[in-house]
Amino acid sequence: MRKILSRAFLAQSVLRVAPRLLGKFLVRRFRGKERACLITEVEAYDGPGDLACHGAKGRTKRNEVMFGEAGRWYVYLVHGLYSMLNIITGSQGYPAGILVRGVEGIEGPGRLTKALHIGRALNGKKAVKKGGLWTEDRGFKVRSSQIKRTPRIGVDYAGKVWVKKPYRFILKVKKINRPTGGPITLI
DNA sequence: ACGATGATGAAC
DNA sequence: TTCATCATCGTA
């Protein structure tokens, strides 16, 4: 079962979508090869009121994708080194998105984008169709008991209220059952 | 604990 | 034009 995640799914509120992104697959097509990775860690950024969200400071050239339609990638550079990959969710005009922090075998948002050759060329591109990068449901089932919630990482600047929000979702998975016995990351 | 490394946005 | 800041990572 392989189904590209729809715009309608992503247009729901970010706090509903974020945990449901766990167990889905991030699929990268690059230089003629396709690689699918199970998403294991995400963070939600929820609108103009969320002081950790880029959208809270108003619309700028950098963050304008956040204010657009759900189902597009928002990619930006941090610390001059690392690209951060986010998928936009919710309603048009409401800046909200989900930072993909990890996939199976690659922990860390900067490492992940480096490994999959994800950069700002993908900023603003559609995530809901086969292109360079999209997401799929491949039938991997996640129980709520497998999801751990914690505060977000690296958002100390956001003030005590928003620093503490449990908007980080981690998929706890020991061993994954897969038909082939090979790695979950498929070429 | 800290340096790498550069875009970003705001102040001036 | 300058400045502080930054959704990080690797090495120590």
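Here is the naming used below: chain letters follow the sequence lines, and residue numbers restart at 1 for every chain.
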What are the 5'-most and 3'-most nucleotides of DNA chain B lying under 4.0 Å from any heavy atom of chain A?
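Listed 5' to 3', the contact boundaries are B:dA4 to B:dG9.
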Measure across [X] and [Y] and return the closest heavy-atom pair with its distance rounded to 0.1 Å.
X	Y	result
A:Glu41	A:Ile170	CG-CG1, 4.0 Å
A:Val100	A:Val42	CA-CG1, 4.4 Å
A:Thr89	A:Gln12	CB-O, 4.0 Å

Measure the spacing between OH of A:Tyr82 and CG of A:Leu112 and express it to the nearest 0.5 Å.
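That separation rounds to 13.0 Å.
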Phosphate oxygens OP1/OP2 of C:dG10: is one of them under 4.0 Å from a side-chain N or O of A:Arg111?
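A:Arg111 to C:dG10 OP1/OP2: side-chain N or O found under 4.0 Å.
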Sugar-phosphate, base or nothing in reach of A:Gly110, heavy atoms under 4.0 Å
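If one applies the 4.0 Å heavy-atom cut-off, A:Gly110 turns out to touch the sugar-phosphate alone, with no base involved.
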What is the nucleic acid contact for A:Arg152, judged by heavy atoms within less than 4.0 Å: base, sugar-phosphate only, or nothing?
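Nothing: the residue A:Arg152, judged by heavy atoms under 4.0 Å, touches no strand.
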Which stems does DNA chain B form, counting runs of 3 or more consecutive Watson-Crick or G-U wobble pairs with both distances under 3.5 Å?
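In DNA chain B, stems of three or more pairs: B:1-4 with C:8-11, B:6-11 with C:1-6.
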Please figure out whether A:Ala158 or A:Pro109 has its closest DNA chain C nucleotide nearer the 5' end.
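It is A:Ala158, whose closest nucleotide lies nearer the 5' terminus.
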Going by the side-chain contact (heavy atoms from CB on, under 4.5 Å) test, name the single residue among A:Val27, A:Val128, A:Leu26 that passes it with A:Trp134.
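One option only clears the test, and that one is A:Val27.
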Taking the nucleotide of DNA chain B with the nearest heavy atom to each, does A:Arg120 or A:Leu81 sit closer to the 5' end?
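Here A:Leu81 is the residue nearer the 5' end.
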Does A:Arg2 count as lying over the ring of A:Phe25, i.e. NZ or CZ under 6.0 Å from the six-ring centre, within 45 degrees of the axis?
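Not satisfied by the 6.0 Å and 45° rule.
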